[in-house]
Amino acid sequence: MKPVTCRLGGAGTLAAAIAFSAISLVHPMPASAAEDGSPNAPPMMDHAMPGHDQMQGMTPEQHRQHMLEMHGDHAMKAEAATPTMPGQDAFGTVQEIVRILEADPKTDWSKVRLRDLREHLIDMNEVTLKADAREEPVDGGLRIAVTGNGRTLAAIQRMIPAHAHELNQLNGWNAKAEPVADGVLLTVTSSDPGQVQHIQGLGFIGLLVSGSHHQRHHLAMAKGEFSHAH
């Protein structure tokens with residue numbers, strides 16, 4: 001009977017080894033369980049991947065968050081590589097207006113005049129950067145001789161009288177523009193001592209940018225509803 005017993009014992013050992021191997025495949029031994037620090041020890045997963053049933057049970061927001069966690073680094077790198085600056089101020093201004101027009105289903109493209117807006121932006125550049133502005137404090141405010149020649153003079157003659165009209169509607173100011181041989185004489189005053197300091201502190205360039213009418217006028221020009229004569 002001994003040979004039979006040995007054969008049975010060997011079979012039992014083999015079955016146990018097979019069962020242990022199957023369990024190891026289903027539940028891998030953690031790396032910490034490898035006493036000899038062997039590099040072949042299975043690595044631990046930092047984040048368990050949700051199973052199919054778990055994915056099905058997710059809300060749309062949970063699924064979105066999961067996808068962001070999985071692909072966040074790639075998305076951030078792609079977004080960081082996309083430029084946002086237009087590269088030139090006038091270009092960016094026209095680009096913004098075009099987007100507004102294209103987003104408005106009521107835009108009448110037969111009346112759109114982007115060339116008028118471009119000409120006005122050239123005027124703004126000439127007056128802002130090339131005109132000579134000689135400031136002189138006066139009782140109640142400031143007098144400014146805005147002068148230039150060629151394209152700059154033409155821009156001054158278009159822009160400054162129109163801007164004086166807008167300044168008349170701000171803070172109780174009194175603004176007037178008088179033509180002179182090489183430009184325009186702009187005078188801005190107030191009966192309020194606090195506003196007198198305000199006007200003199202702003203100076204030419206501060207007065208030029210005062211008010212929020214520029215943006216509205218740009219859109220109106222593009223739509224063909226308003227223009228400075230060129």
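What you see is a predicted model, and the numbers here were worked out from it, not measured in a lab.
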K.L.:
Going by the rule side chain to side chain contact (heavy atoms under 4.5 Å, CB included), which residues pair with L170 if we only count those two or more places apart in sequence or in a different chain?
P.N.:
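Scan of L170 (side chain to side chain contact (heavy atoms under 4.5 Å, CB included), adjacent residues dropped) gives L167, W173, S210.
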K.L.:
If hydrophobic clusters are built by linking Ile, Leu, Val, Met, Phe, Trp and Tyr wherever their side-chain heavy atoms come under 4.5 Å apart, do L186 and V138 end up in the same one?
P.N.:
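Different clusters: L186 never reaches V138 through Ile, Leu, Val, Met, Phe, Trp or Tyr contacts under 4.5 Å.
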K.L.:
Indicate yes or no: at least one non-hydrogen side-chain atom of L219 is less than 4.5 angstrom from one of Q215.
P.N.:
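No - every pair of side-chain heavy atoms lies 4.5 Å or more apart.
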K.L.:
Would you say the side chain of H198 lies within less than 4.5 Å of the side chain of D192, judging by non-hydrogen atoms?
P.N.:
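Not in contact.
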K.L.:
Give, for atom CD of Q200 and atom CD of E136, the distance between the pair rounded to the nearest 0.5 Å.
P.N.:
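Reported to 0.5 Å precision, the distance equals 11.0 Å.
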K.L.:
Could you report the tightest heavy-atom contact between G203 and L142, atom names first, then the distance?
P.N.:
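It is CA-CD2, 3.7 Å.
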K.L.:
If I take atom CD1 from residue I97 and atom NZ from residue K223, how far apart are they, to the nearest 0.5 angstrom?
P.N.:
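If I round to the nearest 0.5 Å, the distance is 9.0 Å.
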K.L.:
Mind checking whether L153 and I122 sit in one hydrophobic cluster, side chains of I, L, V, M, F, W, Y counted as touching below 4.5 Å?
P.N.:
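In one cluster: no.
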K.L.:
If you look at every heavy atom in A164 and A175, which pair is closest and at what distance?
P.N.:
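It is O-CB, 3.5 Å.
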K.L.:
Is there a path from V188 to V196 through hydrophobic residues (I, L, V, M, F, W, Y) whose side chains come within less than 4.5 Å of each other?
P.N.:
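Different clusters.
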K.L.:
Given L121 and H218, is the side chain to side chain contact (heavy atoms under 4.5 Å, CB included) satisfied, shown in steps?
P.N.:
CA-CA 9 Å; L121 294 176; H218 293 169; 4.1 Å; yes
K.L.:
In chain order, what residues pass the ring pair (Phe, Tyr, Trp, His ring centres under 6.0 Å) check against H214, with sequence neighbours excluded?
P.N.:
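H163.
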K.L.:
Atom CE in M159, atom OG1 in T128: separation rounded to 0.5 Å?
P.N.:
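Rounded to the nearest 0.5 Å, the CE-OG1 separation comes to 6.0 Å.
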K.L.:
For D108, which residues count as a side chain to side chain contact (heavy atoms under 4.5 Å, CB included) partner, sequence neighbours excluded?
P.N.:
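For D108, the residues satisfying side chain to side chain contact (heavy atoms under 4.5 Å, CB included) (neighbours in sequence not counted) are S110, K111.
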K.L.:
Starting from the C-alpha separation in whole Å, work towards a yes-or-no answer on side chain to side chain contact (heavy atoms under 4.5 Å, CB included) for D123 and R151.
P.N.:
CA-CA 8 Å; D123 278 358; R151 184 67 172 78; 2.4 Å; yes
K.L.:
Do T93 and H120 make a side-chain contact, defined as non-hydrogen atoms from C-beta onward lying under 4.5 Å apart?
P.N.:
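No; the side chains remain at least 4.5 Å from each other.
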K.L.:
Count I, L, V, M, F, W, Y as connected when their side-chain heavy atoms are under 4.5 Å apart, and connections chain through other members. Are L207 and I205 then in the same cluster?
P.N.:
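Linked, L207 and I205 end up in one cluster.
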K.L.:
I need the minimum non-hydrogen distance between I199 and S190, along with the two atoms involved.
P.N.:
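Nearest pair, atom of I199 first, then S190: CD1-CB, 3.9 Å.
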K.L.:
Working to the nearest 0.5 angstrom, can you tell me the gap between M124 CE and R158 CZ?
P.N.:
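Reported to 0.5 Å precision, the distance equals 13.5 Å.
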K.L.:
My understanding is that only residues two or more places apart in sequence, or in another chain, count here; which of them pass side chain to side chain contact (heavy atoms under 4.5 Å, CB included) with T152?
P.N.:
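By the side chain to side chain contact (heavy atoms under 4.5 Å, CB included) rule, T152 matches E126, K130, A131, I156.
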K.L.:
Are V209 and F204 grouped together when hydrophobic residues (ILVMFWY) are joined by side-chain heavy atoms under 4.5 angstrom apart?
P.N.:
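Hydrophobic grouping puts V209 apart from F204.
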K.L.:
Does atom CG (D89) have a neighbourhood of more than 12 heavy atoms from anything else shown, all under 6.0 Å?
P.N.:
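No, CG of D89 has 12 or fewer neighbouring heavy atoms, counting only those of other groups under 6.0 Å.
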K.L.:
Quick one: CD on Q197 to CG on L202, what's the gap to the nearest 0.5 Å?
P.N.:
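Q197 CD to L202 CG: 12.0 Å, rounded to 0.5 Å.
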K.L.:
Checking D132 against V146 for the side chain to side chain contact (heavy atoms under 4.5 Å, CB included) test, could you report, in this order, the C-alpha distance in whole Å, the side-chain angles of both residues, the deciding distance, and whether it holds?
P.N.:
CA-CA 6 Å; D132 182 27; V146 188; over 6 Å; no
K.L.:
Specify the closest pair of heavy atoms between P86 and Q95, including all atoms of both residues, with the distance to one decimal.
P.N.:
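Scanning both residues completely, I find the closest heavy atoms to be CB-OE1, 4.1 Å.
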K.L.:
Can you list the residues that meet the salt bridge (charged side-chain N to carboxylate O under 4.0 Å, His left out) rule with E102, with sequence neighbours excluded?
P.N.:
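Listed in chain order: nothing, the list is empty.
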K.L.:
Under a 4.5 Å cut-off applied to non-hydrogen side-chain atoms, are I144 and I160 in contact?
P.N.:
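Result no, sub-4.5 Å side-chain heavy-atom pair not found.
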K.L.:
Quick one, W109 and L101 - any side-chain contact, counting heavy atoms below 4.5 Å?
P.N.:
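In short, these two side chains touch, coming nearer than 4.5 Å.
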K.L.:
Going by the rule side chain to side chain contact (heavy atoms under 4.5 Å, CB included), which residues pair with Q169 if we only count those two or more places apart in sequence or in a different chain?
P.N.:
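If we apply the side chain to side chain contact (heavy atoms under 4.5 Å, CB included) test to Q169, skipping adjacent residues, the hits are H165, E166.
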